[in-house]
Amino acid sequence: MKCFECGSRMKTARENFRYGSSGLPVTLVGVDVSRCAACGEFEVAIPRIEELHRAIAMEVIRKRARLTAKEVRYLRKYLGWLSTEFARHMGVSVGAVSRWENGRDKMGAVADRLLRLMVAHGPPDSDYSLDELTEIVEKDAAPLKLGMRVDREGWQKAA
Ligand SMILES: [Zn+2]
């Protein structure tokens with residue numbers, strides 16, 4: 001493999017690679033890293049990267065301690081949201097999101113759990129789109145009156 005910076009030959013070896021661009025202290029164990037001795041350029045081969053990002057996210061939401069600022073940012077990006085979208089889904093201001101992500105404020109226990117649940121069950125491919133969260137309005141609670149009927153497909157809301 002040739003260095004794309006200087007054209008010299010790169011040497012490939014298995015390394016434990018610190019995955020800094022994740023923003024988290026994650027090390028990829030035994031991945032192929034090609035290095036150029038001439039200019040110092042390197043290239044890391046990360047197979048199945050989407051699966052990796054999901055696996056990291058799943059580990060993060062399983063940790064027992066509260067989420068750190070960097071973990072909040074990682075999970076928000078994993079969900080594919082801009083800060084503004086994240087704020088809308090969580091029902092907070094953009095300023096609150098930025099304070100969570102720069103560590104000036106700790107995320108509360110309820111928000112912490114909500115974020116973990118959204119990661120566990122999203123990005124949405126079920127009948128309940130997370131977009132519906134943004135449609136919740138800050139009115140007084142009112143009971144949901146429902147008619148439910150059963151057919152071959154199971155229980156459903158009656159029209
Ligand atoms: Zn080079």
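In this chain, residues are counted from 1 in sequence order.
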- Message: Pair Arg14, Val31 - check side chain to side chain contact (heavy atoms under 4.5 Å, CB included), show working.
- Response: CA-CA 5 Å; Arg14 295 223 145 179; Val31 289; over 6 Å; no

- Step by step, work out the side chain to side chain contact (heavy atoms under 4.5 Å, CB included) result for Val60 and Leu24. CA-CA 10 Å; Val60 169; Leu24 300 176; 4.1 Å; yes

- What do the steps show when you test Cys3 against Cys39 for side chain to side chain contact (heavy atoms under 4.5 Å, CB included), and what is the final call? CA-CA 9 Å; Cys3 173; Cys39 77; 3.6 Å; yes

- Message: For His53 and Lys77: C-alpha separation, side-chain torsions, deciding distance, then whether side chain to side chain contact (heavy atoms under 4.5 Å, CB included) applies.
- Response: CA-CA 10 Å; His53 291 164; Lys77 288 184 168 176; over 6 Å; no

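Of all the heavy atoms in Ser83 and Val94, the pair that sits closest is CB-CG1, 4.4 Å. Nearest approach of Arg54 to Val119, heavy atoms of both residues: NH1-O, 3.7 Å. A pairwise comparison of heavy atoms in Ala109 and Arg66 identifies CB-NH2, 3.5 Å as the closest pair.
Considering only heavy atoms from C-beta on, Pro25 comes within 4.5 Å of Arg18 through its side chain. The shortest side-chain heavy-atom distance between Met90 and Val97 does not fall under the 4.5 Å cut-off. At a threshold of 4.5 Å between non-hydrogen side-chain atoms, the residues Val72 and Phe86 count as touching.
For Lys63, the side-chain hydrogen bond (donor to acceptor under 3.5 Å, both in side chains) partners are Glu71, not counting sequence neighbours. Remark: Tyr74 engages no residue in a ring pair (Phe, Tyr, Trp, His ring centres under 6.0 Å) (not counting sequence neighbours). Under the side-chain hydrogen bond (donor to acceptor under 3.5 Å, both in side chains) criterion, Asn16 pairs with no residue at all, not counting sequence neighbours. With sequence neighbours excluded, the residues that form a side-chain contact (heavy atoms from CB on, under 4.5 Å) with Ser8 are Cys6, Cys36, Ala38. In this structure Arg48 satisfies the side-chain contact (heavy atoms from CB on, under 4.5 Å) test together with Glu51, sequence neighbours excluded. Residues passing the side-chain contact (heavy atoms from CB on, under 4.5 Å) test with Arg62, sequence neighbours excluded: Met58, Glu59. Residues satisfying the side-chain contact (heavy atoms from CB on, under 4.5 Å) criterion with Glu50, sequence neighbours excluded, are absent altogether.
Hydrophobic clustering (side-chain heavy atoms under 4.5 Å, transitive across Ile, Leu, Val, Met, Phe, Trp, Tyr) groups Ile46 together with Phe42. Note on Val92 and Leu117: separate hydrophobic clusters, where clusters join Ile, Leu, Val, Met, Phe, Trp and Tyr whose side-chain heavy atoms are under 4.5 Å apart, directly or indirectly.
Using a 4.5 Å cut-off between side-chain heavy atoms of Ile, Leu, Val, Met, Phe, Trp and Tyr, Met1 falls into a hydrophobic cluster with Met10. Other cluster members for Phe4: none, since no ILVMFWY side-chain heavy atom sits under 4.5 Å from it.
For the atom pair CG (Leu115) and CH2 (Trp100), the distance works out to 8.0 Å, reported to the nearest 0.5 Å. Atoms CG and CZ, from Leu82 and Arg88 in turn, are 10.0 Å apart once rounded to the nearest 0.5 Å. Within the model, atoms CG of Leu28 and CD1 of Ile49 stand 8.5 Å from one another, a figure rounded to the nearest 0.5 Å.
Side-chain atoms of Thr27 never come within 3.5 Å of backbone atoms of Val29 as a donor-acceptor pair (strictly under, hydrogens ignored).
Applying the salt bridge (charged side-chain N to carboxylate O under 4.0 Å, His left out) test to residues at least two apart or on different chains, the pairs with a partner in residues 100-110 are Arg73-Glu101, Arg76-Glu101, Arg99-Asp105. Counting only residues at least two apart or in different chains, side-chain hydrogen bond (donor to acceptor under 3.5 Å, both in side chains) contacts with residues 109-118 comprise Asp112-Arg116. Counting only residues at least two apart or on different chains, the side-chain hydrogen bond (donor to acceptor under 3.5 Å, both in side chains) pairs with a member in residues 34-47 are Thr12-Ser34, Glu15-Arg35.
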